[in-house]
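Scope of the values below: all heavy atoms of this structure, side chains included, with no hydrogens, waters or symmetry mates. Numbers here are sequence positions counted from 1.
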Amino acid sequence: MLPRIAVLGCGNWGCNHIRTLKKIGALAAVSDADTNHAEKVAVKYNVVSIPVAQLFLQEDIDAIVLALPPQFHAENAIQALRNGKDVLVEKPIALNIKDAECEIQIARANRCIFMVGHVLRFHPVFETMLDLVHSGELGEIRYIRCHRLGLGKFYTASDALWDLAPHDISMILALTGAEPSEVHGEGVAILDQLADFSQLNMLFPNGLCSHLVTSRLNPYRERRLTVVGNRAMAVFDDMKNWQRKLAIYRFGCRQPNGHRQWSFADVEPEFISVEEGLALTRELQHFLHCIRTRQEPRTNGEEALAVLRILTKGSLNRDSLVEI
């Protein structure tokens with residue numbers, strides 16, 4: 001029997017969870033502060049609507065997916081965990097480290113599954129890229145660059161860094177296997193006092209460097225992750241069609257005897273075949289597997305806390321923020 005899961009938050013992304021869980025067969029209920037909206041969603045998906053105040057006490061609910069504005073994640077996750085519910089909470093799990101640590105401690109104390117929604121960790125293309133890195137196909141990784149740009153939604157409590165960067169930070173942590181030793185953030189605010197553009201610069205203990213660029217005020221969309229090794233480079237471009245999302249560039253680079261200048265040989269990309277799959281479906285299937293087996297999630301509370309530490313170190317204060 002599949003675990004009985006409720007989704008708290010019936011906004012755009014919450015409805016993606018609702019639709020996917022319904023297809024999987026694990027959706028038991030929905031909930032939202034806007035009870036009228038929750039009722040409409042419940043009717044659409046033929047499940048019950050449960051008031052938020054009752055949801056955490058509901059004995060016939062095994063787990064809860066939280067898809068709320070980030071400022072409400074911690075308090076609701078803590079309530080759910082204290083009542084023994086397994087939880088998948090969207091990123092970021094909190095807006096400060098203290099609240100995140102509290103969530104993790106309560107999950108451990110109550111032996112609850114606690115998972116963060118870093119959905120791109122479950123993208124088949126990223127999983128294949130990660131395998132290429134771990135197998136040594138690219139050689140020693142020297143540099144990682146991420147671009148996440150677009151004309152997006154604007155939130156009152158989070159800027160472009162906190163809203164857009166967590167997914168990419170999670171992927172960078174998986175690729176490097178370590179937290180950065182140095183983090184520096186820069187940003188530009190155009191519409192108000194929150195950054196609409198940001199760049200996060202990270203230096204890792206082994207000398208690897210990474211740059212992460214985000215924008216919610218960009219005229220075109222870009223979703224690209226580039227990994228540079230000393231043998232080859234790999235690019236995950238999520239805006240390309242499936243057959244061209246993952247490319248390897250096996251560049252030629254040498255320094256002829258007696259010459260100081262490096263010589264480069266231009267190469268065509270080699271597109272890697274990846275079986276198609278939906279990242280959100282795979283993420284929720286992993287959550288269900290963890291609930292059934294009590295296995296620690298791939299994207300657990302510790303990873304969420306590591307992402308939060310990086311966001312906090314790179315936070316765009318007055319010294320690093322340019323207002324236009």
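Residues F271 and L246 are not in side-chain contact: their nearest non-hydrogen atoms beyond the backbone lie 4.5 Å or more apart. A 4.5 Å side-chain heavy-atom check between E182 and H184 finds every atom pair outside the cut-off. Taking 4.5 Å as the limit, some side-chain heavy atom of H17 sits within range of a side-chain heavy atom of E90. Residues F122 and L280 have side chains not in contact (no heavy-atom distance under 4.5 Å, counting atoms from C-beta outward). A heavy-atom distance below 4.5 Å is not found between the side chains of L151 and N218. A heavy-atom distance below 4.5 Å is not found between the side chains of P269 and I248. At least one side-chain heavy atom of I172 sits under 4.5 Å from a side-chain heavy atom of L212. Contact check for D196 versus V188: no side-chain heavy atoms found under the 4.5 Å cut-off.
The environment of R294 atom CZ is dense: over 12 non-hydrogen atoms of other residues, nucleotides or ligands sit within 6.0 angstrom. Remark: N12 CG is loosely packed, at most 12 non-hydrogen atoms of other residues, nucleotides or ligands lying under 6.0 Å away. Environment of CZ in R292: crowded, with over 12 heavy atoms of neighbouring residues, nucleotides or ligands closer than 6.0 Å.
Of the possible donor and acceptor atoms, one in the side chain of S31 sits under 3.5 Å from a partner among the backbone N and O of I50. For N110 (side chain) and C112 (main-chain N/O), no donor-acceptor pair under 3.5 Å exists by modelled atom type. When atom types are taken as modelled, the side chain of R142 and the backbone of V228 share no donor-acceptor pair closer than 3.5 angstrom. For K85 (side chain) and I61 (main-chain N/O), a donor-acceptor pair under 3.5 Å exists by modelled atom type. Counting only distance, with no hydrogens or angles, the side chain of S315 and the backbone of L311 share a donor-acceptor pair below 3.5 Å. Between the N83 side chain and the Q79 main chain, a donor and an acceptor come within less than 3.5 Å of each other. A donor-acceptor distance shorter than 3.5 angstrom exists from the side chain of D32 to the backbone of C10, with no hydrogens or angles considered.
Residues L278 and F126 do not share a hydrophobic cluster, clusters being chains of Ile/Leu/Val/Met/Phe/Trp/Tyr side chains in contact below 4.5 Å. The same ILVMFWY cluster, assembled from side-chain heavy atoms under 4.5 Å apart, contains both V235 and V267. Linking Ile, Leu, Val, Met, Phe, Trp and Tyr residues whenever their side-chain heavy atoms come within less than 4.5 Å leaves L164 and L308 in two separate clusters. Residues M202 and L173 are members of one and the same hydrophobic cluster, defined by side-chain heavy-atom contacts under 4.5 angstrom among Ile, Leu, Val, Met, Phe, Trp and Tyr. Both L81 and I97 are part of a single hydrophobic cluster, where members link through side-chain heavy atoms under 4.5 Å apart.
When all heavy atoms are compared, the tightest approach of A160 to F197 is CB-N, 4.2 Å. Here the closest non-hydrogen pair linking P180 and I310 is CD-CD1, 3.5 Å. Heavy-atom minimum distance, S181 versus F204: OG-C, 3.8 Å. Nearest heavy-atom pair, E103 versus I78, reported as atom, atom and distance to 0.1 Å: CG-CG1, 3.8 Å. In terms of heavy-atom proximity, P3 sits nearest to I291 at CG-CG2, 3.6 Å.
Using a cutoff of 4.0 Å between basic side-chain nitrogens and carboxylate oxygens, R309 and E303 are not scored as salt-bridged. Ionic pairing of E222 and R148 is not present here: no N-O contact between side-chain nitrogen and carboxylate oxygen is shorter than 4.0 angstrom. The pair R231-E137 does not meet the salt-bridge criterion, since no charged nitrogen lies less than 4.0 angstrom from a carboxylate oxygen. Using a 4.0 Å cut-off between a side-chain N of Lys or Arg and a carboxylate O of Asp or Glu, K91 and D163 qualify as a salt bridge.
Between the side chains of T299 and H118, not a single donor N or O lies within less than 3.5 Å of an accepting N or O. Side-chain polar atoms of R244 and N241 form no donor-acceptor pair below 3.5 angstrom. Side-chain contact check for H211 and Q199: no donor-acceptor pair (N or O, by modelled atom type) lies under 3.5 Å.
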**Request:** Begin from the C-alpha positions of I5 and L27 and carry the test side chain to side chain contact (heavy atoms under 4.5 Å, CB included) through to its verdict.
**Result:** CA-CA 5 Å; I5 300 181; L27 182 68; 5.9 Å; no
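Sorted by first and then second residue, the ring-ring contact (aromatic ring centres under 6.0 Å, His included) pairs with a member in residues 58-116 form an empty list; sequence neighbours excluded.
Think of L149 as one node in a network of Ile, Leu, Val, Met, Phe, Trp and Tyr side chains linked at under 4.5 Å; its network also takes in V213, Y220.
Aromatic rings from W242 and H123 are positioned such that their centres are separated by under 6.0 Å.
When the options K245, R221, R224, R223 are evaluated for a salt bridge (Lys or Arg N to Asp or Glu O under 4.0 Å) with D238, the one that passes is K245.
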